[in-house]
Amino acid sequence: MTHIIELQHVWKRYDTGGEVVEALKDVDFYADPGEFVSVMGPSGSGKSTMLNVLGLLDTPTEGTVLLDGQDVTDLSDHEMTTQRKQFVGFIFQSFHLIPTLSALENVEVPTLFGDDPSARERATDLLERVGLGNRLHYRPDQLSGGQKQRVAIARALVNEPRILLADEPTGNLDRKTGRSVLDLFDEIRREDDVAVIAVTHDPQLGEYADRTVQLVDGRIQ
Amino acid sequence: MSFFDDLFRRVPALLMARRNLSRNRIRSGLAVLGIIIGVLAIASLGMFGTTLRTGADQQLGEIGNEISISPNLQEGVEELTDRDVDEIERAVTDGEVVPLRSESALVSRGQQQTVATIYGMENPGALYEAQEGRVPDRLRQGALVGSGTAEILDVEPGNTISVDGRTYRIAAVLAEEQGISLVSPNNAVVVPLEDVNGTGYSQVVVSSDSGQAANESAVAIRESLNERDERVNVFELQAITQGIDQFFGIINTFLIGIGSISLVVAGVSILNVMLMSTIERRQEIGVLRAVGVQRGDVIRMILAEAGLLGVAGGVIGAILAVGAGVALNSFVLNDPLATFQPVNFLYILLAVGFGIGTSILSGLYPAWKAANERPVEALRK
Ligand SMILES: Nc1ncnc2c1ncn2[C@@H]1O[C@H](COP(=O)(O)OP(=O)(O)OP(=O)(O)O)[C@@H](O)[C@H]1O
Ligand SMILES: [Mg+2]
């Protein structure tokens, strides 16, 4: 079976005016469908950078990115965006919901530009699944932190991605709410065969993960 | 409502744009106000020009269709002869030739009296229309009285008046000439030609159906009568009316130019608003890009925002401009309906088009800037 996403010898360098920062150093990584991988490491070790490369949001300076066995390293911005829309769901630490849109509309955002007649139905189903069936038309400022994160999860899932990327998904939540979010991840990867890759400082996430990868100073340990 | 829902489904950029604009209503409102002022300025200044021109046209009447031939006194020609009139008649292909003699005289009826211009002409029907009574084709007896003179003397057709001692029965009171005329009937009395002293003619008026025909006659008359020496002066008003038209054209362009400056200012304010709002929404746009929204769609979304500002400003500006036009025309021309001329709609269309164009143009740079920001950078706090 091919890995759904794979990094081979990936380097990421930032040129900050004279000094070159190496955020990723020769990183090899993969995730399989239905797998829950947690990425841990100290601050500044390159976790977010790796997640961005995995999510086709950023390109590596060196090395190869394989998406479902295809080399996607050198795609154009347009093609990368298309692949991202099709394969990847992002969940951010600070939710990043659009304040002017209702919960339902926020979930629909990734489907908005393009002909997608069943999008509304899928969005409604997902919100019901994350327990927000009675909050469809609330705006983000009318929702609690945990509810916002669940809207963000529904948004990440609306295009039926194969990979779910989460950057500190529980960082802004209390333990109990964090746990319910993690339960949701667990359910999603089991039922939908989605690869979940989550960056975290949260030790309770370790209990859920099939595998934990340690990143220190840009290197996988 | 369902129409908008449908529209928003089909053009999601519009939905996003509308929501974004309602986020900061005061700011959007001010941007729209700028466009309103610009559109109003262009449209109403354009219409103001039309009003001026219409007013001037009313004053000038059909003067452009008439030419007047008079003897060239500087060359020693005292009056026009029958031979001159024959030549003029041969030169004119399209238009009626009216030779006339004129003088000033005391006109009276009973105790009332006034000084009037007396025109002696054979065929006044070519130049005048009756307000009361009938203007005969050939004037052999009786007199035609201008409306002003008739009012002073308090006469109507059938009355008799005395001109310089002679007595005339009034055949008609002439319709008032609103504009300028070479031989204005308003304060005049028209009598048969032979009743005015003299042998030749003091003036020959040629009345045509169009300014162009008048101009052709003038050229032909100059060629034939002034071939050897400058025997006559040909006075043509068409040149003047053309000049006046041109003048109003320049005024119009100038006014619209002034209006355009205010639109440029409005454009800068939209640029500012859009730039601020895209900078504020940096992260949001980053999220959009991260969840698979293409660059082009981000550009469309921001252009739709600018376009909506432009459309709102344009529509409101156009409505206000029509209102301003109606007010102006009822004040200046006493005719509010004069606003609804095709040329005015052209100005409104032009103004609205400029307004929307300016808005979209002002949205281009912010849109381009927002779409080209790398989502990774935008998402970093
Ligand atoms: N755009 C950039 N320009 C310069 N340096 C950068 C840039 N982005 C990241 N870096 C550097 O790359 C390194 C890794 O950053 P990254 O954000 O991946 O860390 P992280 O592991 O996510 O840290 P944290 O746990 O604090 O979020 C850091 O040293 C950071 O300073
Ligand atoms: Mg990070």
Side-chain angles (χ1 to χ4, degrees), chain A residues 12 14 23 48-53 55-59 76-102 105-117 119-120 139-141 152 154-159 161 165 167-168, chain B residues 1-2 4-25 27-28 277-278 280-305 308 367-381:
Chain A
K12 183 71 186 178
Y14 291 108
S48 297
T49 306
M50 186 172 103
L51 215 60
N52 289 338
V53 173
L56 308 188
L57 212 51
D58 208 351
T59 48
S76 70
D77 179 81
H78 191 274
E79 289 167 326
M80 284 237 283
T81 306
T82 308
Q83 297 291 331
R84 199 155 65 223
K85 180 172 175 177
Q86 192 184 340
F87 281 91
V88 183
F90 272 103
I91 298 164
F92 308 93
Q93 177 177 0
S94 43
F95 324 133
H96 284 317
L97 298 179
I98 294 178
T100 50
L101 302 180
S102 71
E105 285 165 337
N106 261 293
V107 177
E108 282 182 289
V109 162
T111 69
L112 223 43
F113 298 86
D115 191 22
D116 195 344
R120 170 142 296 188
R139 268 184 292 113
D141 57 6
R155 177 177 66 189
L157 293 173
V158 75
N159 277 329
L165 300 173
D167 201 345
E168 308 202 29
Chain B
M1 204 54 221
S2 73
F4 281 110
D5 278 349
D6 197 48
L7 184 70
F8 288 151
R9 293 250 101 214
R10 231 169 283 170
V11 194
L14 269 184
L15 168 76
M16 301 291 280
R18 214 199 72 77
R19 293 290 172 85
N20 280 327
L21 290 177
S22 59
R23 198 183 296 206
N24 196 332
R25 281 167 204 277
R27 193 166 68 188
S28 307
S277 100
T278 48
E280 274 169 20
R281 276 152 48 205
R282 229 177 127 232
Q283 285 198 352
E284 264 172 52
I285 292 167
V287 173
L288 289 182
R289 299 279 288 115
V291 301
V293 172
Q294 295 286 2
R295 258 185 198 157
D297 290 320
V298 171
I299 291 185
R300 265 188 282 282
M301 184 180 90
I302 293 168
L303 287 185
E305 259 173 64
L308 278 182
W368 177 85
K369 196 165 143 49
N372 279 293
E373 173 140 52
R374 294 180 56 234
V376 192
E377 299 301 325
L379 287 171
R380 291 170 71 86
K381 274 146 275 176

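In what follows, every chain begins at residue 1, and chains take the letters A, B, ... in the order their sequences are listed.
Other residues, nucleotides and ligands contribute only 12 or fewer heavy atoms inside 6.0 Å of the CG atom of A/Asp115. Within 6.0 Å of the CZ atom in A/Arg139, the count of heavy atoms belonging to other residues, nucleotides or ligands does not exceed 12.
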| request: Carefully, step by step, assess A/Leu112 and B/Val293 under the rule side-chain contact (heavy atoms from CB on, under 4.5 Å). | output: CA-CA 8 Å; A/Leu112 223 43; B/Val293 172; over 6 Å; no

| message | Evaluate B/Leu379 against A/Leu57 for side-chain contact (heavy atoms from CB on, under 4.5 Å), listing each step before the verdict. | response | CA-CA 10 Å; B/Leu379 287 171; A/Leu57 212 51; 4.0 Å; yes

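In this structure, no portion of A/Gln86 lies under 4.5 Å from any heavy atom of chain B. At a 4.5 Å heavy-atom cutoff, the contact between A/Phe113 and chain B is made by backbone and side-chain atoms alike. Proximity to chain B (any heavy atom under 4.5 Å) is shown, for A/Asp58, by both the backbone and the side chain. If you measure heavy-atom distances from B/Arg374 to chain A, the contacts under 4.5 Å come from the side chain alone. Of the atoms belonging to A/Leu56, not a single heavy atom falls under 4.5 Å from chain B.
The interface of residues 298-305 of chain B with chain A, defined by heavy-atom distances below 4.5 Å, is empty.
Remark: B/Asn24 pairs with no residue by the side chain to side chain donor-acceptor pair (under 3.5 Å) rule, at least two apart or across chains. Take A/Thr49 and apply the side chain to side chain donor-acceptor pair (under 3.5 Å) test, not counting sequence neighbours, and it matches no residue. A/Lys85 is linked by a side chain to side chain donor-acceptor pair (under 3.5 Å) to nothing, counting only residues two or more places apart in sequence or in another chain.
Between A/His96 and B/Leu288 there is no side-chain heavy-atom pair separated by less than 4.5 Å.
The candidate from A/Asn52, A/Asp77, A/Ile98 with the greatest count of non-hydrogen atom pairs under 4.5 Å with chain B is A/Asp77. Put simply, of B/Gln294, B/Arg295, B/Glu284, the one with the most heavy-atom pairs under 4.5 Å next to chain A is B/Gln294.
Of the N and O atoms on the side chains of B/Gln283 and A/Ser94, not one donor lies less than 3.5 Å from an acceptor on the other residue.
Residues B/Val291 and A/Pro110 approach most closely at O-CB, 3.6 Å, considering heavy atoms.
Of the residues listed (B/Arg281, B/Met16, B/Arg23), the one engaging A/Thr100 in a side-chain contact (heavy atoms from CB on, under 4.5 Å) is B/Arg23, and it is the only one.
The distance from the CZ atom of B/Arg19 to the CG atom of A/Leu101 is 6.0 Å, given to the nearest 0.5 Å.
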